[in-house]
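Quick notes on the structure that follows.
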Amino acid sequence: MTRMPTWGQLLKSEEIAPTMAKIKSFLDQERAAGKVIFPPQAATFFALQAAPFDQIKVVILGQDPYHGPNQAHGLCFSVAPGVKTPPSLKNIYKEQAADLGITQPAHGHLSRWAEQGILMLNTVLSVEAGNAHSHAKIGWEVVTDFLIKTLGEHHHGLVFMLWGSHAQKKAQLLDEQKHHLLMSAHPSPLSAYRGFLGNRHFSQCNALLVEQGKAPIDWQLPQTG
């Protein structure tokens with residue numbers, strides 16, 4: 001069996017080296033010009049740090065980081081401790097409560113999920129404060145597409161939770177004979193009632209993991225973040 005790479009090794013891959021250099025140059029220039037970039041620089045790759053490559057069981061994909069003050073900390077849909085729970089995450093909690101009967105926490109900090117082998121990756125890893133999708137064209141998707149594709153090649157039986165059209169486009173990077181793709185509308189208030197609420201993805205995910213002899217995810221978060 002081929003030895004699994006680490007995220008650090010993949011980020012240094014020749015395949016994405018020119019793009020990584022271009023992104024770094026852009027972000028350095030933006031910060032030098034006084035622009036505020038989220039998440040904090042040290043948290044840019046927190047999704048990878050929190051869930052090592054060889055331990056991934058589940059993948060949840062977001063689009064780009066929250067662009068409000070103190071929200072983004074490197075995990076998609078998650079916010080830093082002490083920050084108000086965003087609307088999309090409230091709908092995720094609502095579906096979990098209906099699907100699994102678990103208690104909705106009073107915070108939006110999701111690190112406990114990442115620690116169980118869930119890659120919670122935005123496909124764009126930075127954003128200018130107050131300017132949603134502002135870094136969508138600087139090269140991040142070349143990097144994250146490479147990471148998602150490579151993850152799929154080295155693993156078998158991953159559960160991908162693809163919510164909304166942006167995340168669902170990433171299905172083309174994956175071998176659907178090797179992995180489980182759970183797709184629905186996005187949990188945003190604009191679309192949650194068009195198929196996210198009621199999708200039962202959380203119980204389905206755990207059933208798929210148990211079928212493979214893997215431990216299910218404990219989706220219940222502590223009440224305080």
Side-chain angles (χ1 to χ4, degrees), residues 7 10 16 19 47-48 50-51 53 56-67 72 74-79 86-96 98-100 108 110 113-114 116-127 132-209 211-212 217 219:
W7 291 123
L10 292 179
I16 58 170
T19 305
L48 308 182
F53 187 96
I56 303 297
K57 299 190 291 188
V58 178
V59 180
I60 299 175
L61 296 179
Q63 192 159 357
D64 65 342
Y66 295 118
H67 55 86
L75 298 181
C76 69
F77 294 106
S78 181
V79 288
S88 292
L89 183 52
K90 285 184 178 179
N91 282 330
I92 290 172
Y93 287 164
K94 186 174 182 179
E95 175 56 25
Q96 288 181 330
D99 186 12
L100 301 172
L110 307 181
W113 293 353
Q116 298 178 68
I118 303 181
L119 175 62
M120 304 179 64
L121 185 70
N122 282 311
T123 56
V124 173
L125 298 184
S126 64
V127 69
H133 313 306
S134 50
H135 292 180
K137 304 295 185 186
I138 71 170
W140 278 127
E141 293 201 1
V142 172
V143 173
T144 55
D145 281 4
F146 170 73
L147 297 178
I148 293 164
K149 186 170 182 287
T150 307
L151 183 72
E153 289 169 352
H154 281 81
H155 281 267
H156 194 282
L158 296 177
V159 181
F160 285 83
M161 304 172 91
L162 305 177
W163 302 329
S165 60
H166 180 82
Q168 288 167 18
K169 287 174 185 171
K170 305 306 175 184
Q172 64 190 2
L173 303 171
L174 304 166
D175 182 348
E176 296 187 40
Q177 303 304 310
K178 281 179 65 179
H179 302 292
H180 305 284
L181 277 53
L182 302 180
M183 302 193 198
S184 79
H186 193 276
S188 158
L190 297 174
S191 57
Y193 289 92
R194 298 204 295 267
F196 178 81
L197 296 174
N199 67 17
R200 301 187 65 84
H201 278 184
F202 303 99
S203 58
Q204 286 183 59
C205 172
N206 279 352
L208 290 166
L209 293 175
E211 280 176 16
Q212 299 176 63
I217 302 298
W219 295 103

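In what follows, residues are counted from 1 in the order of the sequence shown.
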Taking side chain as C-beta onward, heavy atoms only, is [X] less than 4.5 Å from [Y]?
| X | Y | answer |
| --- | --- | --- |
| Leu209 | Val58 | yes |
| Leu48 | Leu121 | yes |
| Trp140 | Val127 | no |
| Phe196 | His201 | no |
| Gln63 | Val124 | no |
| His186 | Gln168 | no |

Looking only at non-hydrogen atoms, find the nearest pair between [X] and [Y] and report the distance.
| X | Y | result |
| --- | --- | --- |
| Ile148 | Phe160 | CG2-CE2, 4.2 Å |
| Gln204 | Leu182 | OE1-CD2, 3.5 Å |
| Gly157 | Gln212 | O-NE2, 2.9 Å |

Are there more than 12 heavy atoms of other residues, nucleotides or ligands under 6.0 Å from atom NZ of Lys178?
->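 Count over threshold, so yes.
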Does the Trp219 side chain pair with the main chain of Ser203, one donor and one acceptor, at a distance under 3.5 Å?
->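 Absent.
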For ring pair (Phe, Tyr, Trp, His ring centres under 6.0 Å), just list the numbers for Phe77 and Trp163, CA-CA rounded to whole Å, side-chain angles, deciding distance to a tenth of an Å, and then say yes or no.
-> CA-CA 11 Å; Phe77 294 106; Trp163 302 329; 5.7 Å; yes
